Engineer: 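Submitted below is the structure of interest, expressed as structure tokens.
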Amino acid sequence: MAGNTSVPGATVTSRLLAIIGAFDERHRALTLTEIAQRSELPVPTVSRLAGELVSGSALQRRQDGRFVIGRLIWEAGLRAPVEGRLKQVAEPFMHDVYAATLATVHLAVREGTQVLYLERMSGRASVPIVSTVGSRLPLHCTGVGKLLLAHAPAAIQRQVFAELTRVTPYTITSAGVLRNQLERIRRDGVATTSQEMSLGAYSLAVPVVRSSDDTVAAAIGVVVPTLKRDRQRLLGALQVAARGIGRLL
């Protein structure tokens, strides 16, 4: 049964999911009208369901009238069987990397043709970057993204190669060049970028290999103002952390 809705065939569950799905890293606070537009639902329907979601703490309504994700959704995300466990295991090792390098440290997984950032640690001396916890960025122009793309299924790689967008003047947009880079990443176990996502930012990333089945479960990386110095120290800190996380997963 679809329930009382002007959208034929739409169930209550599908409408609730559409409302939650209207929020992403670029749309963290939305008005009622914006939620309706992004979820493709009538405003009266969104108004009624959003009110119920606020009552259940799945959404929160700010004083300016905009809606944001509520504590219930946030806490549920922390309990996700893969990402939640991965973050829990990785956090102490990420602290070690940050303490040793003072660089921005990322933990990420692949989600479709994008890289999903699960955790980030940075300080006042870190390089300004665009990533945030929960954000998704292109695979082909980030260090952790390239690492994950190198170990992605062939179908995912073909899709990424067909949609190589330029973010900065240094972004790799040639499928041939990127394909050669991915081969080196698989061979050497390390990925790098040079101002390909943000000007002035260079990244270094290594795989987190799950010891139980030797699969790449995630990528851990750092973002620094240059890779011309301390590269080996950065790489060593990342590799130690990655091995520790992989053993405990």
Side-chain angles (χ1 to χ4, degrees), residues 86 89-110 115-133 135 137-152 157 160 164 166-174 176-211 214 216-247:
L86 179 56
V89 168
E91 187 172 333
F93 294 98
M94 294 180 67
H95 278 295
D96 289 344
V97 175
Y98 175 73
T101 66
L102 298 181
T104 296
V105 187
H106 284 140
L107 177 72
V109 295
R110 182 179 62 82
V115 54
L116 171 62
Y117 288 83
L118 300 182
E119 188 61 272
R120 187 185 85 167
M121 293 183 182
S122 59
R124 287 177 295 179
S126 299
V127 178
I129 51 178
V130 298
S131 64
T132 58
V133 174
S135 66
L137 293 176
L139 287 168
H140 69 286
C141 50
T142 63
V144 286
K146 281 188 183 182
L147 193 291
L148 295 166
L149 180 59
H151 295 277
Q157 293 185 1
V160 171
L164 295 176
R166 186 178 299 280
V167 182
T168 77
Y170 302 97
T171 305
I172 304 299
T173 57
S174 166
V177 172
L178 181 59
R179 189 174 288 109
N180 289 335
Q181 286 189 353
L182 298 185
E183 290 178 359
R184 288 197 298 271
I185 291 169
R186 286 190 292 269
R187 182 190 67 215
D188 300 336
V190 58
T192 62
T193 63
S194 301
Q195 305 188 88
E196 295 167 44
M197 187 70 225
S198 301
L199 293 178
Y202 298 76
S203 62
L204 186 70
V206 300
V208 174
V209 180
R210 188 183 289 108
S211 60
D214 289 332
V216 174
I220 183 171
V222 293
V223 182
V224 293
T226 180
L227 286 173
K228 292 182 178 179
R229 61 176 184 271
D230 295 333
R231 178 188 172 110
Q232 286 307 118
R233 182 171 64 87
L234 294 168
L235 181 58
L238 286 173
Q239 289 173 332
V240 169
R243 285 194 295 268
I245 297 169
R247 283 195 302 270

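Computed from heavy atoms alone, side chains included, the values below leave out hydrogens, waters and symmetry copies. Everything quoted here is computed from the prediction, not taken from an experiment.
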Engineer: Sort and list the pairs that fulfil salt bridge (Lys or Arg N to Asp or Glu O under 4.0 Å) and have at least one residue in residues 89-110, not counting sequence neighbours.
Structural biologist: none
Engineer: Which value, rounded to the nearest 0.5 Å, describes the distance between Leu204 atom CG and Gln232 atom CD?
Structural biologist: 9.0 Å
Engineer: Which one of Val240, Leu147, Leu235 satisfies the side-chain contact (heavy atoms from CB on, under 4.5 Å) criterion with Val206?
Structural biologist: Leu235
Engineer: Checking Thr142 now: which residues fulfil side chain to side chain donor-acceptor pair (under 3.5 Å) with it, not counting sequence neighbours?
Structural biologist: none
Engineer: List the atom of Leu227, the atom of Ser203, and the distance in Å for their closest heavy-atom pair.
Structural biologist: CD1-O, 3.5 Å
Engineer: Give me the atom names and distance for the closest heavy-atom approach of Ala218 to Leu148.
Structural biologist: C-CD2, 3.9 Å
Engineer: Step by step, work out the side-chain contact (heavy atoms from CB on, under 4.5 Å) result for Ile172 and Gln181.
Structural biologist: CA-CA 10 Å; Ile172 304 299; Gln181 286 189 353; 3.9 Å; yes
Engineer: Could you list all the salt bridge (Lys or Arg N to Asp or Glu O under 4.0 Å) pairs where at least one residue sits in residues 219-244, not counting sequence neighbours?
Structural biologist: Asp230-Arg233
Engineer: OG1 of Thr192 to CG of Leu234: how many Å apart, nearest 0.5 Å?
Structural biologist: 12.0 Å
Engineer: Sequence neighbours left out, what passes side chain to side chain donor-acceptor pair (under 3.5 Å) with Thr173? Give chain and number order.
Structural biologist: Arg166
Engineer: In the structure I gave you, are the side-chain heavy atoms of Tyr98 and Leu102 within less than 4.5 Å of one another anywhere?
Structural biologist: yes
Engineer: State the NE2-CD distance between His140 and Gln157, to the nearest 0.5 angstrom.
Structural biologist: 14.0 Å
Engineer: Evaluate the side-chain contact (heavy atoms from CB on, under 4.5 Å) criterion for residues Tyr202 and Ser194: first the C-alpha distance (whole Å), next the side-chain angles of each, then the deciding distance (0.1 Å), finally the verdict.
Structural biologist: CA-CA 5 Å; Tyr202 298 76; Ser194 301; 3.6 Å; yes
Engineer: Between Glu119 and Leu107 (side chain of the first, backbone of the second, donor and acceptor by atom type, cut-off under 3.5 Å), is there such a pair?
Structural biologist: no
Engineer: Could you name each residue pair satisfying salt bridge (Lys or Arg N to Asp or Glu O under 4.0 Å) that touches residues 176-202, not counting sequence neighbours?
Structural biologist: Lys146-Glu196
Engineer: Hey, which of Val115, Leu182, Val144 is the one that makes side-chain contact (heavy atoms from CB on, under 4.5 Å) with Leu149?
Structural biologist: Leu182
Engineer: Provide the closest heavy-atom pair for Ala191 versus Ile185 in the form atom of the first, atom of the second, distance.
Structural biologist: CB-CD1, 3.6 Å
Engineer: Of the non-hydrogen atoms in Cys141 and Val167, which two are nearest, and what is the gap between them?
Structural biologist: SG-CG2, 3.9 Å
Engineer: If I compare all heavy atoms of Thr193 with all of Gly143, which pair ends up nearest, and what's the gap?
Structural biologist: CG2-N, 3.4 Å
Engineer: So, taking the atom named CD1 in Ile245 and the one named CZ in Arg210, what distance separates them when rounded to the nearest 0.5 Å?
Structural biologist: 12.0 Å
Engineer: For a 4.5 angstrom cut-off between non-hydrogen side-chain atoms, does Pro169 reach Leu199?
Structural biologist: yes
Engineer: Do Met197 and Thr168 have side chains that approach each other closer than 4.5 Å (heavy atoms only, starting at C-beta)?
Structural biologist: no
Engineer: According to ring pair (Phe, Tyr, Trp, His ring centres under 6.0 Å), who are the partners of Tyr117, at least two apart in sequence or on a separate chain?
Structural biologist: His106
Engineer: How about Ile220 and Met94: do any of their side-chain heavy atoms sit closer than 4.5 Å?
Structural biologist: yes
Engineer: Of all heavy-atom pairs between Ala242 and Pro207, which one has the smallest distance, and what is that distance?
Structural biologist: CB-O, 3.3 Å
Engineer: Is the shortest side-chain heavy-atom distance between Val208 and Val216 below 4.5 Å?
Structural biologist: no
